[in-house]
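Just so we're on the same page: letters track the sequence lines, and every chain starts at 1.
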Number of protein chains: 2
Amino acid sequence: MPPNRRVTLKQVAERAEVSRAAASFALSGRPGVSDATRTKVLRIASELGYAPNQVAQNLRSSRTGMVAVYLPEDVSTLSYYMEATFGVIDEAEQSGHTVTLIPHRPTGLNRLQADGIIMLDPTRGDPMIGHLLDLGLPVISGEELPEPSDDDLPRPSSPQSLERSAEVAGLVTSDHAASTVELLEHFVARGARRPGIIASSVPMAWSMTVEATYRQWCADRELNPLVEYASLDGLEETTRRATRNLLDTGTVDAILALADGSALNVITSAAEYGRRVGEDLLVAATVDSPVLSYTDPAVTAVDLRPREFGRRCMSVLSRVLDAADASPDTLAEVVDTEVIYRASTRGTAGDR
Amino acid sequence: MPPNRRVTLKQVAERAEVSRAAASFALSGRPGVSDATRTKVLRIASELGYAPNQVAQNLRSSRTGMVAVYLPEDVSTLSYYMEATFGVIDEAEQSGHTVTLIPHRPTGLNRLQADGIIMLDPTRGDPMIGHLLDLGLPVISGEELPEPSDDDLPRPSSPQSLERSAEVAGLVTSDHAASTVELLEHFVARGARRPGIIASSVPMAWSMTVEATYRQWCADRELNPLVEYASLDGLEETTRRATRNLLDTGTVDAILALADGSALNVITSAAEYGRRVGEDLLVAATVDSPVLSYTDPAVTAVDLRPREFGRRCMSVLSRVLDAADASPDTLAEVVDTEVIYRASTRGTAGDR
DNA sequence: GCCGATCACTTAATCGATTTAGTATGGTCT
DNA sequence: AGACCATACTAAATCGATTAAGTGATCGGC
């Protein structure tokens, strides 16, 4: 009755005049009790507002009921991670898991309680990645795990753990290569001849895929790739410089920006170079973000469906957790993306 | 030894040749064991890499060890909440709490396990707010709790719970009135005479404070307030319209935008009206966001120190949880803010 | 009419840590 | 030497749910 004192199974059992075990059977829907008893217990449970104490359940089942999400520390595009995290939460609710966020510092990592880990966009060189893999928990990687770089310290781990960390339990990706090609072809269809790219020096798998795809696309057409970088150190300054360098060439008539910040900078400074975005300068971004629809003109971008992406990560993790023992190969899934066409790539060749 | 099998207190006790109770006393630092035993237990515990099972601890202490954070469903400025949430996590780590995010749907709310709740920017009309307040857990509100509007359904709650929900256990705010005045005065100091505002129709306490402060400021100077709204329904369209309406007046020479999207739209469409941002049109935003530093010119904005804000919310909650029984009045704290001056308010009146 | 099987249920062990109550040891005081 | 007490520890209960093992009753088959 008092909402501060929670109803326990024992109380339900007493009211129903059965043992705690019988009540437990009835509530969990397993055989062993008569239909009469079952309905009675269920009725009383709902009357009393019984909700099982998850802490007790978890202790018994030696699970934590928690899923830990790890996000990159330095992110330029926050909305993606926010949405993806809520996608994880959506799906975690289904399987009765709670979602916790992992701090970026390794302090107290051994205190981390979770049944599994979801890493979004693991960054090469981030020492946390190794620590998390070494925890012995099933890990789902959102976007590919980058190869450890040479200057990374070798993790102090036994051969056994090395072997384990070579594999994640599941992998969810988006087809960045396909969406990059779609954007580049769209540039061409809208009348552009020389697309350039403002890449990111952040060593995440997806950004490397986009850049490599662009370079390959240029190679296929015997075009000289026009690549400028925005780096995490001095992000604003390098973003501005990348924009300036591309526009200074004078030959660029389309720009593919990896980060929303870069696209934004192109939009707002194009006028200084006498360029009109959407007409003689097409602009698109590889990751959509709310801000890209507020600019004038609004910016064409790839909707990575982050919410769905997060849901899929959690759903893969659920399957891994249920499989318990037998999961020899890692589960892999691809989330569909969609290019959102906006005014920044209207171009000169007809409508739409 | 195997990292997948966690070390338990029993194992430590056996290795140290004492009872589990003695080991527990030793580890928790309470009297009742000799110094020799204590050091021995501690040594063995660290050798074995013992970490107490928090699930068991929580069951025993009938706490959950979790803090639940509730974010508004429709947010235009994501980075603020992201940062604030990580601030909560920073501080929660200190007190050994895990942070979970609350889904926006009330489904399964009674299954929510937490020792306390932190609501960020509670929105008037959001039915979740009532539900969360009725849970009987200590609630910290980040920014004031709005008065329930008339058309809100009365919550089905006993008088007792009504009384309780009238009060939150703690309140953390930023001084939006002060920062608004600072921005307006800055406009004037930079040569502006007629500032307008693109307000938000989102009924959150802070946005209402900013708008009210602006109106009062105008009234004090016998100026006619120039207010346009960007509403959540059709955010892009209303944002554009608000910008257009303000610029169409021709009299506006400074614009204060509540959301980063609005500020952005002003920046990118000013040229069409023959205005030069930072010269004959000053622009500032009441909430800083990464995108505001990538535009050209970059936009002056208020840094609300969201990370610190989140930390303070959690620290207040910690105090409430420790106080246990005696906390008659709600704890209140104010987080300092800082205006970040950028090129969009350079103006005509000298340097700065 | 008796054996075995099935059903419906209860008892008790279990998860891992904390904590109360209880016990043995040694020392001090008179 | 016996009473008394503090110290250092152990045994066992506890948190709330799950589940293996056990008990009694009923039923069917031959």
Side-chain angles (χ1 to χ4, degrees), chain A residues 4-42 44-45 48-66 96-98 110-115 324, chain B residues 4-42 44-46 48-66 96 98 110-115 324:
Chain A
N4 38 9
R5 180 103 74 198
R6 291 191 63 146
V7 179
T8 160
L9 179 65
K10 190 177 162 197
Q11 298 171 31
V12 174
E14 282 168 0
R15 274 287 279 272
E17 295 170 307
V18 292
S19 69
R20 307 209 304 283
S24 177
F25 285 142
L27 286 164
S28 61
R30 61 164 61 187
V33 287
S34 66
D35 284 350
T37 311
R38 165 153 297 139
T39 35
K40 183 176 185 186
V41 169
L42 286 173
I44 291 182
L48 265 49
Y50 168 74
N53 182 326
Q54 284 187 38
V55 176
Q57 283 182 322
N58 291 334
L59 174 59
R60 185 64 231 265
S61 58
S62 61
R63 299 177 342 121
T64 64
M66 292 192 247
H97 285 271
T98 347
N110 57 336
R111 266 177 284 147
L112 177 75
Q113 314 256 335
D115 299 328
Chain B
N4 39 8
R5 181 102 76 198
R6 291 189 65 145
V7 179
T8 159
L9 178 66
K10 190 178 163 197
Q11 298 170 32
V12 174
E14 281 169 0
R15 274 286 280 271
E17 295 169 306
V18 293
S19 69
R20 307 207 306 280
S24 178
F25 286 141
L27 286 164
S28 61
R30 61 166 60 187
V33 287
S34 66
D35 285 349
T37 311
R38 164 155 295 138
T39 35
K40 184 177 184 186
V41 169
L42 286 174
I44 290 181
S46 92
L48 264 50
Y50 168 74
N53 182 326
Q54 283 187 40
V55 176
Q57 283 182 322
N58 291 333
L59 175 59
R60 185 66 232 264
S61 57
S62 62
R63 296 174 348 116
T64 64
M66 292 192 245
T98 325
N110 57 335
R111 267 177 282 147
L112 176 74
Q113 313 256 335
D115 299 328

Could you tell me whether the phosphate oxygens of [N], OP1 or OP2, come under 4.0 Å of any side-chain nitrogen or oxygen in [X]?
X: Thr37(B); N: dC9(D); value: yes
X: Gln57(A); N: dG16(D); value: no
X: Arg6(B); N: dG16(C); value: no
X: Ser24(B); N: dT18(C); value: yes
X: Ser34(A); N: dC7(C); value: no
X: Tyr50(B); N: dG16(C); value: no
X: Arg63(A); N: dC15(C); value: no
X: Ser62(A); N: dG16(C); value: no
X: Ser61(A); N: dA17(D); value: no

Give the rounded distance in Å between these two atoms: [atom1] of [X] and [atom2] of [N].
X: Leu9(B); N: dT10(D); atom1: CG; atom2: P; value: 12 Å
X: Lys10(B); N: dA17(C); atom1: NZ; atom2: P; value: 11 Å
X: Arg20(A); N: dA13(C); atom1: CZ; atom2: P; value: 12 Å
X: Lys40(A); N: dC9(C); atom1: NZ; atom2: P; value: 10 Å
X: Asn58(A); N: dG16(C); atom1: CG; atom2: P; value: 13 Å
X: Gln11(B); N: dC15(C); atom1: CD; atom2: C1'; value: 13 Å
X: Phe25(A); N: dA17(D); atom1: CZ; atom2: P; value: 15 Å
X: Leu48(B); N: dA17(C); atom1: CG; atom2: P; value: 12 Å

Any donor and acceptor pair, going by atom type alone, linking the side chain of [X] with main-chain N or O of [Y] inside 3.5 Å?
X: Asp115(A); Y: Arg63(A); value: no
X: Ser19(A); Y: Ala22(A); value: yes
X: Ser62(A); Y: Leu59(A); value: no
X: Thr37(B); Y: Val33(B); value: no

**Asked** Of Leu59(B) and Ala21(B), whose nearest nucleotide on DNA chain C comes first from the 5' end?
**Response**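 Its nearest nucleotide lies further toward 5', so the answer is Leu59(B).
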**Message:** Heavy atoms only, 4.0 Å cut-off, all strands: where does Val55(A) land among base, sugar-phosphate and nothing?
**Reply:**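 Val55(A): no heavy atom of the nucleic acid under 4.0 Å.
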**Request:** Mind checking Arg38(B) for me? I need base, sugar-phosphate or nothing, with any heavy atom below 4.0 Å counting as a touch.
**Result:**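 Counting heavy atoms under 4.0 Å across all strands, no contact is made by Arg38(B).
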**Pairwise 5' ranking along DNA chain D for Glu17(B) and Thr8(A), keeping only the more 5' one** =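 Mapping each residue to its closest nucleotide by heavy atoms, the 5'-most match is Glu17(B).
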**Message:** I want to confirm an ordering. Mapping Ala56(B) and Ala23(B) to their closest nucleotides on DNA chain D, which one lands closer to the 5' end?
**Reply:**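 Taking each residue's closest nucleotide, the earlier one in sequence belongs to Ala23(B).
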**Message:** Per the salt bridge (Lys or Arg N to Asp or Glu O under 4.0 Å) rule, what does the pair list look like for residues 9-36 of chain B, sequence neighbours excluded?
**Reply:**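 Residue pairs with at least one partner in residues 9-36 of chain B: Glu17(B)-Lys40(B).
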**Request:** Decide yes or no on side-chain contact (heavy atoms from CB on, under 4.5 Å) for Thr64(A) and Asn58(A), but give the supporting numbers first.
**Result:** CA-CA 5 Å; Thr64(A) 64; Asn58(A) 291 334; 5.6 Å; no
**Asked** Side chain of Val18(B): nearest nucleotide among dT10(C), dT10(D), dC15(D)?
**Response**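 Closest of the options to the side chain of Val18(B): dT10(D).
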**Item:** Nearest to side-chain heavy atoms of Asn53(B), which nucleotide of dT10(D), dA17(D), dA17(C)
**Value:**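 In terms of side-chain proximity for Asn53(B), the closest of dT10(D), dA17(D), dA17(C) is dA17(C).
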